Amino acid sequence: MEYNFSEIEKKWHSYWANHKTFKVSEDPTKPKFYVLDMFPYPSGAGLHVGHPLGYIASDIYARYKRLKGFNVLHPMGYDAFGLPAEQYAIQTGQPPQLTTKQNIIRYREQLDKLGFSYDWDREICTCDPTYYQWTQWVFLKMFDHWYNTEVDKAKPIEELKEIFNRRGNEQIHAAHHCEKSFTAAQWNDFSENEKEDILMCYRIAYLGETFVNWCPHLGTVLANDEVKEGFSVRGGHLVEQKKMKQWQLRVSAYAQRLLEGLEPLAWSDSLKEMQRNWIGRSEGAEMEFQVTCLTEKYSMDIFTTRPDTLFGVTFMVLAPESEWVNKLTTPEHKKEVEQYLSYVKTKTERERMTETHRVTGVFTGSYATHPFTGKKLPVWISEYVMAGYGTGAIMAVPAHDSRDYLFAKHFQLPIVPIIEGCDVSEESFEAKEGILCNSGFMNGMTVEQAIVAAIEEVEKQHLGVRKTYYRLRDAIFSRQRYWGEPFPIYYEDGIAKPLPESELPLTLPHIDSFQPSGSGEAPLAGAKDWNYKGYPLETCTMPGFAGSSAYYLRYMDPHNRDALVSEEANQYWQNVDLYIGGTEHATGHLIYSRFWNKFLYDLGYVCREEPFKKLINQGMIQGRSNFVYRIQNTNTFVSLNLKDDYETTEIHVDINLVENDQLNIEAFKQWNPEYANAQFILEDDQYICGWAVEKMSKSMFNVVNPDDICAQYGADTLRMYEMFLGPLEQSKPWDTNGIDGVHRFLRRLWRLFFDKEGTSLITKEAPDTEEQKILHRLIKKIEEDIENFSFNTSVSAFMIAVNELAGLSCHKHAVLEPLVILLSPYAPHIAEELWSLLGNAPSVANAKFPKYNPEFIKEQVFEYPVSFNGKLRFKINLAVDLSKEAIEQAVLADERIHKYTGEKEIKRTVVVPGKIINIVI
RNA sequence: GCUCGGGUGGUGGAAUAGGUAGACACGCAGGACUUAAAAUCCUGUGGACAGUAAUGUCCGUACGGGUUCGAUUCCCGUCCCGAGCACCA
């Protein structure tokens, strides 16, 4: 009987589904384990072989943990709101509700084929009102809270009102952007609307005016992580800066906690580093400089991380957008400054970013006074200073900062080095090392000492304060589009008011036109009856990350109608033990989720401050594209190695028309009518295609569909092959070349159980030592591999073990049964089949992971009293018995061992030809 | 420019509390079975040299140094590749 994977897989899929084998519930008698995949966006293209890589890995781990006796929560769902469905709706007029539903059905079919052990009763979908009700609910909570920086916690806005009532906002410890200061009396005199305006500056979810990333093509605002190098991540459209009133989340209030919280997490260093960069903490001093514009005197704040270089300051620079520009420009320089400002305005964000080496700037005519030396420092304006960071103004230390240096060289400003012996004739000296000079009270100190001393002195003389800045900005939360969660907000006399919780979910209405207006007005503005008790509802919707920020909590208690997650469910499942997903979410979803979770933690709705304990980033599976070469202006194609003789154009060709880089010419002709009459210049009677490793995508015709692989080899082969391909975290091209090897392994395994006629070979004999050794070595290896996520080497270990057992003609029940359990996380279908053929009740998922017994693989230990250079005992650990003489010879042959004879206990290994001997002296 | 990874056969990749480098798989070559093919099985497979042969010797983990009895592994320097950040003061 042959290994009939398609029948086996079909049989077990329906068994698992009918018996709800993987259904879980809270069970206090068992330890819990939560394994989560980053849920997919169900696109119209369906899954390709790259998508399941992480799902397979997490499924192996989840199944393993189950065998180890854990109560495993392993759910799946869909991140279904988003731009592509809406873009599709704009093009075709099909409502996103419909296309999303179709895509989800397709995804589910594909996922089901791969035999994942998900508890499908917990399936969620972010566009489902029973789900997004809780997204809206969290938003209301954020609207209703402010951030108290004294206790570092979100607090109800009512508390803030009371504080204002009692003592105004003068000594308030809050994260805010309120520019007014007021007393209790003034507060009480404010009108309700004025009060609301002020409170808005303190809310964690707030409506505020800022520069936003506006994408005219998409007709919407985007978050910082949705923009890369001035273009939208989705679609690659130009993004410009525009000042707009938008909903925002005060993520910046949590910057420090987001940074500190990273420390204990079991995430990769590179990912933590990415988040650290994104949060961008910098410590330094905020200092006041007295500036004089003609006769007018001001004090201007600047921020520096290098207060030790204070005596190297030779000029000041303002950002072009800084409010100081107007105040400090003298009439004499007004014209030049205006010219410069208009020049800066013509540059796009992108140009400003790419032309970083070009030095531009203009003098304001004003001077600042050095707080210690009293020297006059000219105040310049330059685009290299950012308005959005620090105070939008800097003290320039050309000797020790490369940008200041270039600027000083260009405009011939003085450069004063303040570190002994540094050479600043060619470039600035930026290293934070050396001894200070030319620096008054700091002379002779190291840079490290000077930084501390400078801040102390500055604080003592009340010139400034220690200060920490973060690069992390508040998240812009409005999107001018349709396919997202509606805001539970209505406007009463222009004042944003929260909808009562009892009105949730506020469901997304059906609309006729999905086309954005282009003027910044959202599609919902055209919805009928989009109001609450006659008041207009907010027309923007929430961004993609809204729905994915707390989905891991909802899985704990997906059908709860009264809460996002019940306290009991949250107490039991706590947080995610293992999270597997792509690195592309490093500065998006993974920051927002952590923020969201911390907020809910502050409010006491969740018991853990961090959502994801351990995180693994699976690598991308790239496609291997094939090319044909068309001779320009002809319909003739030339084979790869002859193409250099012609002027050719490289054209992607569907990889399904190519085998081993050989083009199937007939199929190619039929592929596209344009090529029906194509001519070919062959080499060795073949057309050889070129190839390249690229992203797997429809447009490159290099997509491999897992359904096809399943049909040809089965899901078990696909699962094992994806693991065998290489280390999980590494990106690698899909390459079917090795898949036969894995498939062959499963067939060989099958043959340990059955002969060709299908008669069972299984015997009840007791295993011998050699067989025990094979088995227990495998148990140890598989356990280690799974714990280390080194799934590729486990596949090899299985192959070796099965080959060895086949070599010994071992068909013993006592060996094969544990082998099947070990294999079940990797190849669950065949394991399930063999498990029941061994006479067990389904399912192998309920089996116990075999216990490793080191006795079976222990090498025999021979203890030799070897007389050597006096009285020494060598304890020799080796599998093969060697004669005493052989050992002595081996040890003596290594003359250099003499060095160690005086020391007490040294573990050493001596190599005898053919053997390794570990010796304890 | 800065930060973090990483460089091992024809290919994907094994092996690092320092100890027989190249597991396993692909590919390739040869063989068995077959009328033939597919499938399956067996053998060989880093390089160079010597030998009829069994086998032996030398060189090999990007490059140059160092520590060590011994380095793919640890340290220093150089080169290359990948990822991320990037006028963030």
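Since we're looking at a predicted model, the values are computed, not measured.
For B/C85 and B/G9, the C1' atoms lie 37 Å apart once the distance is rounded to whole Å. Distance noted for atom C1' between B/C87 and B/G77: 31 Å (whole Å). As rounded to the nearest Å, B/A21 and B/G13 have C1' atoms that lie 14 Å from one another. B/U20 and B/A25 have their C1' atoms separated by 23 Å, given to the nearest Å. Annotation: B/G65 and B/G10 have their P atoms spaced 24 Å apart (nearest Å). Nucleotides B/U73 and B/U16, compared at atom C1', are 4 Å apart to the nearest Å. Taking atom P on both B/G56 and B/U45, the two are 13 Å apart, rounded to the nearest angstrom. For the P atom pair drawn from B/C81 and B/A86, the interatomic distance equals 22 Å after rounding to whole Å.
Nearest nucleotide to the side chain of A/Thr793, out of B/A89, B/A14, B/U3: B/A14. Closest to the side chain of A/Met799, out of B/C85, B/A89, B/C24, is B/C24. Among the nucleotides B/G84, B/A89, B/A86, the one closest to any side-chain atom of A/Met274 is B/G84.
Between the CE atom of A/Met723 and the P atom of B/A14 there is a distance of 13 Å, given to the nearest Å. Remark: P of B/G82 and CD of A/Glu584 are 19 Å apart, rounded to the nearest angstrom. Distance CD1 (A/Ile591) to C1' (B/C85): 13 Å, rounded to an integer number of Å. The distance from atom CZ of A/Arg276 to atom C1' of B/A86 is 18 Å, rounded to the nearest whole Å. Whole-Å rounding puts the A/Phe407 CZ to B/A89 C1' distance at 14 Å. In this structure, CD1 of A/Ile774 is placed 14 Å from P of B/C24, rounded to the nearest angstrom. Straight-line distance from the CG atom of A/Leu406 to the P atom of B/G1: 14 Å, rounded to whole Å. If you take CZ of A/Phe315 and C1' of B/A89, they are 11 Å apart, rounded to a whole angstrom.
A/Tyr470 and A/Ser252 form no side-chain donor-acceptor contact under 3.5 Å, judged by distance and modelled atom types alone. Judged purely by distance below 3.5 Å, without hydrogens or angles, the side chains of A/Ser282 and A/Tyr389 pair a donor atom with an acceptor atom. A donor-acceptor contact under 3.5 angstrom links the side chains of A/Tyr713 and A/Asp740, judged on distance only. A donor-acceptor contact under 3.5 angstrom links the side chains of A/Ser794 and A/Tyr826, judged on distance only.
Pair assignment for B/C69: B/G19, on the basis of Watson-Crick or G-U wobble contacts that are both within less than 3.5 Å. When both distances must be under 3.5 Å, the Watson-Crick or G-U wobble mate of B/U34 does not exist. Across all strands shown, B/C87 remains unpaired; no Watson-Crick or G-U wobble contact has both distances below 3.5 Å. Pairing of B/A29, defined by two Watson-Crick or G-U wobble distances under 3.5 Å, is identified with B/U43. Nucleotide B/G82 is matched to B/C4 when pairs are restricted to Watson-Crick or G-U wobble geometry with both distances under 3.5 angstrom. Of the nucleotides present, B/A50 is the one that pairs with B/U55 by Watson-Crick or G-U wobble criteria, both distances under 3.5 Å. Nucleotide B/G77 forms a Watson-Crick or G-U wobble pair with B/C63, both donor-acceptor distances falling under 3.5 Å.
Checking A/Tyr470 against A/Ile739, the closest nucleotide of RNA chain B that is more toward the 5' end is the one next to A/Ile739. Nearest-nucleotide assignment on RNA chain B puts the 5′-proximal partner with A/Pro733, out of A/Pro733 and A/Thr583.
Within the 4.0 Å cut-off from OP1 or OP2 of B/G12, not a single side-chain nitrogen or oxygen of A/Asn792 is found. For B/A89, one of the phosphate oxygens OP1 or OP2 lies less than 4.0 angstrom from a side-chain nitrogen or oxygen of A/Tyr389. The side chain of A/Gln730 places an N or O atom within less than 4.0 Å of a non-bridging phosphate oxygen (OP1 or OP2) of B/G13.
Glycosidic torsion of B/G9 falls within 90° of 0, placing the base in syn.
Ion pairing of A/Glu784 with A/Lys781 is absent here, as no side-chain N (NZ or NE/NH1/NH2) approaches a carboxylate O to less than 4.0 Å.
Taking the six-membered ring wherever Trp is involved, the centroid distance between the rings of A/Tyr721 and A/His743 does not fall below 6.0 Å. Under the 6.0 Å cut-off for aromatic ring centres, A/Phe315 and A/Phe407 qualify, their centroids lying closer than that.
A/Asp735 comes within 4.0 angstrom of no nucleic acid atom, judged by non-hydrogen atoms across all strands. Using a 4.0 Å heavy-atom cutoff across all strands shown, A/Phe724 reaches at least one base atom of the nucleic acid.
Between A/Ile394 and A/Asp404 there is a side-chain heavy-atom pair separated by less than 4.5 Å.
For the side-chain contact (heavy atoms from CB on, under 4.5 Å) with A/Leu318, the qualifying choice from A/Leu328, A/Ile302, A/Val385 is A/Leu328, the only one to do so.
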Please tabulate, one pair per line, each protein N/O and nucleotide N/O from nucleotides 40-44 of chain B that are separated by under 3.5 Å, including the distance.
unit_1 : atom_1 : unit_2   : atom_2 : d
B/U40  : OP1    : A/Arg747 : NH2    : 2.4
B/C41  : OP1    : A/Arg748 : NE     : 3.1

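Taking the centre and axis of the six-membered ring of A/Trp278, the NZ or CZ atom of A/Arg471 falls inside the cone set by 45° and 6.0 Å.
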